[in-house]
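All remarks here apply to the structure that follows.
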Amino acid sequence: MGLFSKEACTFCGTEVGALKRSKLATKEFICNECKHKTNYFARMSYTSKDNAQLMMDNLGQEAADFEASFDAAEGRFARAERSFNTWDLGSKRVHYRCNTTIGAFQINMSEMSRYEHIPVFWFEKMMPYEFRSEGESEFFTRRSEITNPNAEYVQVEESKGDDGKVNRCVLTIPYDDICIREIRFESEVSGADGVRAFHDLANRINSDRIAWLGKAEFDLERKSRMQVRNLGDTAAAALKAAVKGENVKEVVKEGIETANAIEEGKVKQGFFGKLFKK
């Protein structure tokens, strides 16, 4: 199989040469055009045919849902910036935005211009990769690591030249996914400002992850308070219905429906503790 030999893409059937294709983990080939429908940061050598197809099917909807999530962002600790912020990492210009309400972020670069979708990443997966064999279910077996608020998973490594000055930086975002084991940016840098940009982006992503964890804890406490309030309101309403000879079962049923709505985030609490359906 030489440089000029052609192989058929397993998705579209187009025969392409070695420079216009990649080999999947399951030994099939994917052409560059079909590859551009997947996640830019996915390594094809880690990616099976089924997982590549899954990316093609889901990336567009994930990007649309992420865009829509900015309209629904709310609450303490929420950080949702629809506009991208930009960091110049040496020769790479990296654009980043996040929504801590849903715990997701996006990264974009000029190198990704041929890809159909800007991928969405999740803070809960932003941790050192844990190997799972193909088809193994993805349970969070290391939940204690995910919820560690002090962990700063995004790291910057510096390399120095003969003059003792930093001349290259590598920023690594570990990612626990079957197709993506890290998101990595590497470039030569010149001067303290170039080095600082790498550390500034790393600090921003780490702080956004911490904000997401803080909001998740706050939301859990808020839901618990609302559930207690709903329980009290339901008990009082049931007692009142019983005294009046009304249908107690209907009151209890409404209380259960409200409890479910609280868990789904469809109820808000007013200033004086009163619960309102959204």
Side-chain angles (χ1 to χ4, degrees), residues 1-64 66 84 86-96 105-122 125-136 138 154-157 159 161 167-189 194 198 201:
M1 189 181 298
L3 180 64
F4 300 103
S5 65
K6 291 189 175 183
E7 297 288 343
C9 172
T10 189
F11 297 102
C12 68
T14 301
E15 292 191 349
V16 291
L19 298 179
K20 296 183 178 181
R21 69 178 187 242
S22 299
K23 195 172 187 178
L24 297 166
T26 41
K27 308 306 180 184
E28 301 95 345
F29 290 95
I30 180 172
C31 70
N32 287 352
E33 292 301 314
C34 288
K35 182 181 176 183
H36 292 158
K37 299 176 183 179
T38 69
N39 190 318
Y40 171 84
F41 293 96
R43 286 279 298 275
M44 294 299 104
S45 58
Y46 301 156
T47 302
S48 68
K49 178 181 177 180
D50 289 345
N51 282 325
Q53 185 64 60
L54 195 62
M55 282 189 278
M56 294 180 193
D57 294 341
N58 294 338
L59 281 177
Q61 188 61 54
E62 287 179 0
F66 182 75
F84 281 92
T86 301
W87 281 262
D88 287 321
L89 305 182
S91 61
K92 294 182 181 296
R93 174 164 284 188
V94 178
H95 310 282
Y96 165 87
F105 62 96
Q106 282 186 316
I107 288 175
N108 194 15
M109 300 185 298
S110 60
E111 293 90 331
M112 299 165 61
S113 61
R114 294 192 177 187
Y115 282 73
E116 291 191 5
H117 304 290
I118 302 173
V120 179
F121 301 99
W122 304 91
K125 285 196 169 188
M126 199 186 82
M127 56 189 297
Y129 179 84
E130 180 178 273
F131 179 77
R132 288 184 295 268
S133 60
E134 180 72 18
E136 186 178 349
E138 297 187 19
V154 185
Q155 300 290 332
V156 175
E157 295 182 11
S159 300
N167 59 9
R168 177 172 288 273
C169 288
V170 180
L171 185 151
T172 304
I173 306 171
Y175 205 70
D176 192 22
D177 181 86
I178 194 68
C179 305
I180 306 166
R181 302 184 185 181
E182 64 181 15
I183 303 165
R184 181 184 177 96
F185 306 104
E186 181 175 1
S187 178
E188 294 182 355
V189 294
F198 273 85
L201 178 55

So, do [X] and [Y] sit near enough that their side-chain heavy atoms are less than 4.5 Å apart?
| X | Y | result |
| --- | --- | --- |
| Pro174 | Met127 | no |
| Lys37 | Phe11 | no |
| Lys35 | Glu33 | no |
| Phe84 | Ile118 | yes |
| Ser159 | Asn167 | yes |
| Met109 | Tyr40 | yes |

First locate atom [atom1] of [X], then atom [atom2] of [Y], and finally report the distance between them rounded to the nearest 0.5 Å.
| X | Y | atom1 | atom2 | result |
| --- | --- | --- | --- | --- |
| Arg181 | Tyr129 | CZ | OH | 4.0 Å |
| Phe185 | Cys169 | CZ | SG | 13.5 Å |
| Thr86 | Asn108 | OG1 | CG | 9.5 Å |
| Glu62 | Met55 | CD | CE | 10.5 Å |
| Leu54 | Ile178 | CG | CD1 | 12.0 Å |
| Lys92 | Phe198 | NZ | CZ | 9.0 Å |

Check against side chain to side chain contact (heavy atoms under 4.5 Å, CB included), Ile107 and Phe41: CA-CA 10 Å; Ile107 288 175; Phe41 293 96; 4.1 Å; yes

Looking at every non-hydrogen atom in both residues, tell me the closest pair between [X] and [Y] and how far apart they are.
| X | Y | result |
| --- | --- | --- |
| His117 | Gly60 | CE1-CA, 3.4 Å |
| Ala8 | Gly13 | CB-O, 3.9 Å |
| Asn32 | Leu19 | ND2-O, 3.5 Å |
| Met112 | Pro119 | CE-CD, 3.4 Å |
| Cys31 | Cys9 | N-SG, 3.4 Å |
| Gly17 | Lys6 | N-CG, 4.0 Å |

Expected output: side-chain [X] to main-chain [Y] donor-acceptor under 3.5 Å:
| X | Y | answer |
| --- | --- | --- |
| Thr38 | Ala52 | no |
| Arg21 | Ile30 | no |
| Tyr175 | Phe121 | no |

Partner residues of [X] under the side chain to side chain contact (heavy atoms under 4.5 Å, CB included) criterion, sequence neighbours left out:
| X | answer |
| --- | --- |
| Glu188 | Arg168 |
| Ala25 | none |
| Arg184 | Val170, Thr172, Glu182, Glu186 |

For Glu28, side chain to side chain donor-acceptor pair (under 3.5 Å) partners two or more places apart: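 Glu28 satisfies side chain to side chain donor-acceptor pair (under 3.5 Å) with Thr26 only.
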
Contacts of Tyr115 that satisfy side chain to side chain donor-acceptor pair (under 3.5 Å) - sequence neighbours left out: none

Neighbour count >12 (heavy atoms, 6.0 Å) for atom CD, Glu157: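 Result for CD/Glu157: open.
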
Asp176/Lys125 ion pair, N-O < 4.0 Å: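 Salt bridge absent between Asp176 and Lys125.
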
Any pair counted as side-chain hydrogen bond (donor to acceptor under 3.5 Å, both in side chains), so long as it reaches residues 8-20, sequence neighbours left out: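 Passing the test, one end in residues 8-20: Thr10-Lys49.
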
